[in-house]
Amino acid sequence: VSGTPFNDAYRYVDWLLTVPLLLVELILVMKLPQKETVCLAWTLGIASAVMVALGYPGEIQDDLSVRWFWWACAMVPFVLVM
């Protein structure tokens with residue numbers, strides 16, 4: 001509407017905070033044993049943050065081959081989360 005481009009970094013900072021928190025929240029409501037809850041929360045929280053962080057460099061690239069490289073890098077923690 002304003003004609004000024006949106007800075008994608010704002011979206012990625014938001015995802016960097018909210019995606020790990022949502023995954024941890026899902027783990028907490030599952031009422032798993034404490035040891036399993038702590039292990040899953042750390043593993044999935046860190047993996048999801050790394051996934052988002054690896055996606056951002058690809059987002060800001062103009063070269064398509066570099067974008068695909070960062071996509072592939074972000075898929076590694078994505079597979080762990082899934």
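Computation of the quantities below employed the complete heavy-atom set of this structure, encompassing side-chain atoms and omitting hydrogens, waters and symmetry-equivalent molecules. All figures in this text were calculated on a predicted structure; none of them were measured in a lab.
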**Prompt:** Got I60 and Y56 here, is their nearest side-chain heavy-atom distance under 4.5 Å?
**Reply:**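 When only atoms from C-beta onward are counted, Y56 and I60 do touch, with a gap below 4.5 Å.
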Which atom of [X] lies closest to which atom of [Y], heavy atoms considered:
X: P77; Y: A47; value: CB-O, 3.2 Å
X: Q61; Y: R67; value: O-NH1, 3.1 Å
X: L80; Y: L44; value: O-CD2, 4.0 Å

Give a yes or no on whether [X] and [Y] share a hydrophobic cluster (residues Ile, Leu, Val, Met, Phe, Trp, Tyr; joining criterion: side-chain heavy atoms under 4.5 Å apart).
X: W42; Y: M51; result: no
X: V81; Y: L40; result: yes
X: F69; Y: M75; result: no
X: V50; Y: L16; result: no
X: W71; Y: V52; result: yes

If you measure from [atom1] on [X] to [atom2] on [Y], what distance do you get to the nearest 0.5 Å?
X: W15; Y: L21; atom1: CH2; atom2: CG; answer: 15.5 Å
X: E36; Y: I27; atom1: CD; atom2: CD1; answer: 9.5 Å
X: S48; Y: L23; atom1: OG; atom2: CG; answer: 5.0 Å

**Item:** Within 6.0 Å of CD in E59, more than 12 heavy atoms from elsewhere
**Value:**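 Counting neighbours around CD of E59, more than 12 heavy atoms of other residues, nucleotides or ligands fall under 6.0 Å, so yes.
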**Message:** Are more than 12 heavy atoms, taken from residues, nucleotides or ligands other than F78, located less than 6.0 Å from that residue's CZ atom?
**Reply:**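 Incorrect, the count does not exceed 12.
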**Request:** Check for a donor-acceptor pair, side chain of T37 on one end and backbone N or O of L28 on the other, with a separation under 3.5 Å.
**Result:**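 Between the backbone of L28 and the side chain of T37 there is no qualifying donor-acceptor contact (under 3.5 Å).
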